[in-house]
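Right, one structure below, let's go through it.
Each ligand, and each atom within it, is numbered from 1 in the order the structure gives. We're numbering straight along the sequence, starting at 1.
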Amino acid sequence: MRSYKIAAIPADGIGPEVIGAGLEVLDALSRREGDIKFEITHFDWGTDYYKKHGVMMPADGLAQLKTFDAIYFGAVGAPDVPDHITLWGLRLQICQGFDQYANVRPTKIIDGVESPLRNAGPGDLDWVIVRENSEGEYAGHGGRAHKGMPEEVGTEVAIFTRIGVERIMRYAFELAQNRPRKLLTVVTKSNAQRHGMVMWDEIAAEVAEEFPDVKWDKMLVDAMTVRMTLDPRSLDTIVATNLHADILSDLAGALAGSIGVAPTANIDPQRRFPSMFEPIHGSAFDITGKGIANPVATFWTACQMLEHLGEPASAARLMRAIEAVTAAGVKTPDIGGKASTKEVTDAMVEAIKGSNE
Ligand code: GGG
């Protein structure tokens, strides 16, 4: 029996609903496989915890998480606490504290999910966006001075280091090399941002020499939005800065049908620390408690978690179940269905139970 220690942090808004669904599905998968076990430990960290304790997670939170094989995360953010407090107090503290520098965001049009793009169906949009996850615009550098005065100033400094750019570029080239099309697009804004972004371009060209079998090109981020919309088939693997890829992956999710199906993995490729798996979407307070949150992104990120844990066959079984359920039309309203979170989850459990070897 292979056993994995998973830290579940559902956190805010619809996070508990989708993580609850994900854990049910992992339990069904464990029973179906027979030789994999998930030992789940629940953490009540998030905005409610903040309201009681003044912090999003305890001071020794990272030390508590360090012993786990993976972290299964819901969503962070609440309407009555500033977003920068909730985001930096939990999600970014884990990503940065565990140096999860590769944020991997697969996007494809799955069976039964309709893209808003005319004539685009399964196979026409199949990308992986690699988001640099440790520096750039999220490095936390900057400050405020002369608060409340007419001369008040605020700076938000993007930090790019050679180590940081080289390691994400190498990760993206390796990922592209392992995908059938061996195609990578490097996104920057090196016309207007003439320092760090030009360094990105230069390092991309240097790292490309190690991967002669990968075909690569460069795009400016603004032009990239047009290409993603008008020529989705021309793209495969994409690498961009923390902020650029954050924005592009929301667009990617929408083009593939809904942000509700889009997963993300925050990976420490060196495996010094646990990696963290979550849906891309946030806490969605507008639908919290209504029982209609789309759990598909949370199921899909569980596939990423299983791959990372070295269980590719189980990951593939889970992905087949997701596509079978969406293809059968068991879908939440954001992707055109009428099903509740529970109905989608029940259908997943049945699909996993009845799945072939
Ligand atoms: N599950 C993802 C999540 O909760 N995201 C909240 C958020 O605001 N993220 C900002 C970011 O990823 O930059």
Inset, instruction - State whether K182 and D236 are salt-bridged, where the test is any N-O pair (Lys NZ or Arg NE/NH1/NH2 against Asp/Glu carboxylate O) under 4.0 Å. - result: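 Salt bridge absent between K182 and D236.
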Legend entry - Carboxylate-amine/guanidinium proximity below 4.0 Å for E206 and R162: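 A salt bridge is present here (some side-chain N lies under 4.0 Å from a carboxylate O).
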Legend entry - side-chain contact (heavy atoms from CB on, under 4.5 Å) between F160 and M197, intermediate numbers included: CA-CA 8 Å; F160 300 105; M197 293 288 80; 3.7 Å; yes
Inset, instruction - Sort out the contact shell of ligand 1: every protein residue with a heavy-atom distance below 4.0 Å, listed by chain and number. - result: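 If the criterion is a heavy atom under 4.0 Å, then ligand 1 touches G74, A75, V76, L87, R91, R131, Y138, D246, E278, P279, I280, H281, G282.
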Inset, instruction - Share the residues that join I163 in a hydrophobic cluster, the rule being Ile, Leu, Val, Met, Phe, Trp or Tyr side chains under 4.5 Å apart at the heavy-atom level. - result: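 Same cluster as I163: nobody, lone residue.
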Inset, instruction - Using modelled atom types only, decide if a donor and an acceptor are shared between the side chain of E151 and the backbone of H146 within a distance under 3.5 Å. - result: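 Flag not set: sc E151 to bb H146 has no pair under 3.5 Å.
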Inset, instruction - Without swapping roles, check the side chain of T301 against the backbone of T298 for a donor-acceptor pair under 3.5 Å. - result: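 Side chain of T301 to backbone of T298, a donor-acceptor pair under 3.5 Å: no, none is there.
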